[in-house]
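Read the structure below first, then the notes.
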Amino acid sequence: MSATINADLFSKYFGNAPTIHIPGLTFPVQELFLEDVLEKTRYADADISSVYKSYSASTRQSLEAWSGSETDLGLVEATIEYICRHEGPGAILVFLTGWDEISKLLDNVKSNNFIGDPSKFLVLPLHGSMPTINQREIFDRPPSGMRKIVLATNIAESSITIDDVVYVIDCGKAKETSYDALNKLACLLPSWISQASAHQRRGRAGRVQPGICYRLYPKMVHDAMLQYQLPEILRTPLQELCLQIKSLQLGAIGSFLAKALQPPDALSVQNAVELLKTIGALDDAEELTPLGRHLCTLPVEPNIGKMLLMGSIFQCVNPALTIAAALASRSPFVLPINRKEEADEAKRFFAGDSCSDHIALLKAFEGWKEAKRSGNEKSFCWENFLSIQTLKMISDMRLQFLDLLSDIGFVDKSKGANVYNQYSDDMEMVCAILCAGLYPNVAQCKRRGKRTALYTKEVGKVDIHPASVNAGVHIFPLPYLVYSEKVKTSSVYIRDSTNISDYALLMFGGNLIPSKNGDGIEMLDGYLQFSASKSVLGLIKKLRGEVDRLLKRKIEDPKLDVNVEGKGVVAALVELLHNQNVRY
DNA sequence: GAGCACTGC
C-alpha cells in the first residue's frame, strides 16, 4: 500500500478491524451449539448420524434435517421457551436476519401459551426502520418479574447495546450486501456471519453478569465460517473510490487497486471507470474532467454529486439539496410492524400524482419543516410515519452540501436563496435534474396490456420495489423511470424511482448519437432509441448542444451567471419540459 | 408485495 492513502480510506475499503476483546470489561459467556440446544430443548424427536453419536436420537435426527437455508423460527421459539422455563432472570436477545423474521417471530411468541401471563413478558422488535429504535423501553430494565425479549437484526451487534441481556440466541446469519459485477447489481442476501461477528454476538450476553449464548447452528458450521467478513472493497460498487484515487493522484486506477491487500475484481473496477466516463467525470484517457474535479469535493456518490451541481445550475437548489441528502442517508419513513398499509399510504400521499419516490421524499421533508415552524413537529411525524431523527440528519447534511456548493463557487450565499430557486416549485424541472443526476440508471416502461413492464440495459426485466410509491402504478404517464438503486433480493428491484419524459432524457441523459439508419437518436449504446421528424430532431439536437455548451462554461467557471448568460437556453428548456405529454 | 448495518469528509 502507498503511504499516501489516509487511514479512513484504508479502513473503509481495505478491511474491517476485528472486534477487540478487552478482558475484564465483559463477563464470561457460555457457548452452546445447535447439538447442545437440541439436546436441551428436545425440539424434535427421532433418528441417526455418526458424528453426533454421543447425542440423543432426536438430536441426531434434527441435525440431519437441519437446513442452513433459512432460520428455523420454531427452534428459536423453543429456545426462548426453554430459557423462560429453566434459566434465571435476565433479558433475551435474539439475532435474526431481517424484518420478515422479526415480524413472524413476534406474532408466534406473543401467541405462544408458554408465555402464560403476558404481563410477565415484554417482547420488542428492534430493526433500523422500525420506530421502536428510538424508544426507551428497549434499554430500560423491565420491572422485576418481567422478562424482556428483544428480537433484533445486526443492529444489536454493535450499534445498539442493551445492557441487561443475559441470554443471546444467534441464528448465525445476517443480510449482507455484495456486488455482482457481471450484472452491475448490488445484492442484499442472507449469508453466514463471520466468526468475528459470532464472537461479538456472544459477547452481548455478558455485560452485567455471566451469560449464555445459544447458537442455532452446529459447531462444524461455526468452524467453517470465515474468520472475518469480506472487506468492503470486494462487496460494493467502486465509483466513489475510483474518483478519490484520481483526485489523490495515486496513478492509474486499475494498477493502483491491483496493489490492494485483496484487490477487487477487474470487472468491478472496469464498471466503475465506465460509469465515471458515462456521467462525464472522467475522459477517455481516465483523467478527471472539470466536472470530475468538482465531484471529488462532494462527499457523496458521483451521481448524487452531479444532481447537486445540476440543481444549483438550473435554479432548483433546494429540492436538489433535499433529495441528495435523503438519498445519502437512510429513508426518513419508518415502518411500524402492524401498520404497514397506513405507512405506504402516507408515502403515496406525499408523492401525489408525481409517480416519484424522490418527490415523496422532498414533500415529506418540506412538510416536516413547515410543521416544525408551526410547532406540531411531533404529531406531523407520528401521523405521517416519519423519523424526526432521520429528518434532522437530512437537514444537517443539506446545510453541509450547501456550504460545499458555496465553497466551489456554484452558490453565492450573498445573492440570497431566491436566485438559486427560481424553478424549485417546478416539478418538471426537478424531475429533469433527477434525470441528470441518476443517469444512466434508466428503465424503459413498456406497456403490456393493462400493465407496464420495466426493462434495464444490464439485467433486462426488473420490478419496482414494493415499498415504492410506483409499486401499484399500472400505466405510467411518461415512458421512462430513473432510479437511485437497483438491488437483488428475492427479485431484482429498482428502489426509489421517478417517472420522466423523453425530453428530460434527451436534454439531461447521455450523449445523443445519431442512429445507424440516420433518422433517429440513440443513447446508452443504442439501448434507448428516439425517433421524430427531421425538423424536431434538428431542434432537439440544437437545444441540447446549447445546454451542453452552457454547462461546460458554467462548470469550467462556476462564477458564470446562468440567469444572464443562459437565460434563453433555460427558458427554452423549461418550455420543452412542460410539453412532455406531446408524443412524436 | 418487501424493508442487514456502518463510515467519512
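Just so we're on the same page: letters track the sequence lines, and every chain starts at 1.
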Could you check how far [atom1] of [X] sits from [atom2] of [N], rounded to whole Å?
{"X": "A:E240", "N": "B:dT7", "atom1": "CD", "atom2": "C1'", "value": "10 Å"}
{"X": "A:R235", "N": "B:dT7", "atom1": "CZ", "atom2": "C1'", "value": "12 Å"}
{"X": "A:I464", "N": "B:dG1", "atom1": "CD1", "atom2": "P", "value": "13 Å"}
{"X": "A:K488", "N": "B:dA2", "atom1": "NZ", "atom2": "P", "value": "15 Å"}
{"X": "A:F401", "N": "B:dG8", "atom1": "CZ", "atom2": "C1'", "value": "12 Å"}
{"X": "A:E232", "N": "B:dT7", "atom1": "CD", "atom2": "C1'", "value": "8 Å"}
{"X": "A:K104", "N": "B:dA2", "atom1": "NZ", "atom2": "C1'", "value": "12 Å"}
{"X": "A:N154", "N": "B:dG3", "atom1": "CG", "atom2": "C1'", "value": "15 Å"}

Can you name the salt bridge (charged side-chain N to carboxylate O under 4.0 Å, His left out) partners of [X], sequence neighbours left out?
{"X": "A:E31", "answer": "A:R202, A:R215"}
{"X": "A:K104", "answer": "A:D100"}
{"X": "A:D407", "answer": "none"}
{"X": "A:D396", "answer": "none"}

So what does A:T297 touch, heavy atoms closer than 4.0 Å: a base, only the sugar-phosphate, or nothing?
-> nothing

Please name all residues satisfying side chain to side chain contact (heavy atoms under 4.5 Å, CB included) with A:Q389, sequence neighbours left out, ordered by chain then number.
-> A:N134, A:S387

Would you tell me if any nitrogen or oxygen in the side chain of [X] comes within less than 4.0 Å of OP1 or OP2 on [N]?
{"X": "A:H465", "N": "B:dG1", "result": "no"}
{"X": "A:S159", "N": "B:dA5", "result": "no"}
{"X": "A:T153", "N": "B:dA5", "result": "yes"}

For a quick test of your reading: what N or O donor-acceptor pairs under 3.5 Å do the side chains of residues 295-309 of chain A make, sequence neighbours left out?
| residue | atom | partner | partner atom | Å |
| --- | --- | --- | --- | --- |
| A:T297 | OG1 | A:H294 | O | 2.6 |
| A:N303 | ND2 | A:G437 | O | 3.0 |
| A:N303 | ND2 | A:Y439 | O | 3.3 |
| A:K306 | NZ | A:I279 | O | 3.1 |

Rounded to the nearest 0.5 Å, what separation is found between the CG atom of A:L405 and the CZ atom of A:F410?
-> 8.0 Å

Between [options], which nucleotide gets closest to the side-chain atoms of [X]?
{"X": "A:I155", "options": "B:dA5, B:dG8, B:dA2", "result": "B:dA5"}
{"X": "A:T489", "options": "B:dC6, B:dG3, B:dG8", "result": "B:dG3"}
{"X": "A:H127", "options": "B:dC4, B:dA5, B:dC9", "result": "B:dC4"}

Please list residues of residues 337-367 of chain A whose heavy atoms come under 4.0 Å from any atom in DNA chain B, ordered by number; otherwise none.
-> A:K340, A:D344

Residues from residues 324-336 of chain A sitting under 4.0 Å of DNA chain B, heavy atoms only?
-> A:R330, A:L335

Could you list all the ring pair (Phe, Tyr, Trp, His ring centres under 6.0 Å) pairs where at least one residue sits in residues 328-353 of chain A, not counting sequence neighbours?
-> none

Residue pair A:V300/A:Y493 against DNA chain B: nearer the 5' end by closest nucleotide is A:Y493

Quick one: sort the A:Y217 and A:F33 rings into parallel, tilted or perpendicular, breaks at 30° and 60°.
-> perpendicular

Is there a donor-acceptor contact under 3.5 Å linking the side chains of A:E157 and A:S197?
-> yes

